[in-house]
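Notes for the one structure printed next.
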Amino acid sequence: QVQLVESGGGLVQAGGSLTLSCAASGRTFSAYAVGWFRQAPGKEREFVAAISRRGGTTDYADSVKGRFTISRDSAKNTVYLQMNSLKAEDTAVYYCAADVLDRRDADEYYYWGQGTQVTVSS
């Protein structure tokens with residue numbers, strides 16, 4: 001069992017930055033890949049970024065590539081999503097999820113956090 005808790009969301013102006021954290025407890029977090037997803041009102045949940053179990057591989061949606069960076073600190077059992085140059089269209093609830101492989105499909109992830117709201121004002 002893995003419990004995930006996101007934090008770091010908030011209100012920021014367009015062009016600003018935020019860093020989201022996904023803290024894990026329970027079983028060995030390093031055994032799991034982690035993905036970040038987001039869901040805006042009236043839209044489906046979409047893939048944002050993912051990182052492999054040991055952090056050697058990362059993947060990004062085209063919409064955030066070059067602006068967002070995913071990383072993990074195994075000692076702290078935490079995965080981060082550094083978000084720079086934020087745009088109004090980045091406004092959404094952001095979720096982290098964990099499973100064995102780093103995939104883009106949300107259905108591939110078994111463990112989910114409760115989400116954290118990110119609002120970017122234009």
Which donor-acceptor pairs under 3.5 Å do side chains of residues 50-57 form with protein atoms, sequence neighbours excluded?
residue, atom, partner, partner atom, Å
Ser52, OG, Gly55, N, 3.4
Ser52, OG, Gly56, N, 3.1
Ser52, OG, Thr57, N, 2.9
Ser52, OG, Thr57, O, 3.4
Arg53, NE, Val100, O, 3.4

Query - Cluster link Tyr109 to Tyr111, ILVMFWY, side chain under 4.5 Å - result: no
Query raised in the report: When hydrophobic residues are tied together by side-chain contacts of less than 4.5 Å, even through go-betweens, does Val12 share a cluster with Trp36?
Result: yes
Query - Spacing of CG belonging to Asn77 relative to SG belonging to Cys22, to within rounding of 0.5 Å - result: 10.0 Å
Query raised in the report: Of the non-hydrogen atoms in Val2 and Ala24, which two are nearest, and what is the gap between them?
Result: CG1-CB, 4.3 Å
Query raised in the report: Just by distance, do the side chain of Tyr32 and the backbone of Ala97 share a donor-acceptor pair under 3.5 Å?
Result: no
Query raised in the report: Quick one: do Val34 and Val93 end up in the same hydrophobic cluster if we chain Ile, Leu, Val, Met, Phe, Trp and Tyr together by side-chain heavy atoms under 4.5 Å apart?
Result: no
Query raised in the report: Do Thr19 and Gln82 meet the criterion of a side-chain donor-acceptor pair at a distance under 3.5 Å?
Result: yes
Query raised in the report: Is the shortest heavy-atom distance from the side chain of Arg67 to the side chain of Met83 under 4.5 Å?
Result: no
Report summary line: Sorted by chain and residue number, the salt bridge (Lys or Arg N to Asp or Glu O under 4.0 Å) partners of Arg103 (sequence neighbours excluded) come out as Glu108
Query raised in the report: From Thr91 OG1 over to Gln117 CD, what is the distance, rounded to the nearest 0.5 angstrom?
Result: 7.5 Å
Query raised in the report: Can you list every pair that meets disulfide (SG to SG under 2.5 Å) and has a residue in residues 34-68, with sequence neighbours left out?
Result: none
Query raised in the report: Atom CD in Gln114, atom CG in Leu4: separation rounded to 0.5 Å?
Result: 9.0 Å
Requested in this report: Keeping the roles fixed (side chain from Arg72, backbone from Phe29), state whether a donor-acceptor pair exists under 3.5 Å.
Outcome: yes
**Report entry** Transitive ILVMFWY side-chain link Tyr95 to Leu81, under 4.5 Å
**Finding:** no
Query raised in the report: Any idea which heavy atoms bring Gly9 and Leu20 closest together, and the distance?
Result: N-CD2, 3.6 Å
Query raised in the report: What orientation do Phe37 and Trp112 show, parallel under 30°, tilted 30 to 60°, or perpendicular over 60°?
Result: tilted
Report task. Supply the atom-to-atom distance Ser121 OG to Leu86 CG, rounded to the nearest 0.5 angstrom. Result -> 10.0 Å
Requested in this report: For the pair Tyr94 and Phe68, name the ring-plane relationship: parallel under 30°, tilted 30 to 60°, perpendicular over 60°.
Outcome: tilted
**Report entry** salt_bridge(Lys87, Asp90) N-O dist < 4.0 Å
**Finding:** no
Query raised in the report: Are Val118 and Val64 joined in one hydrophobic group, where the rule is that I, L, V, M, F, W and Y side chains link up if heavy atoms are under 4.5 Å apart?
Result: yes
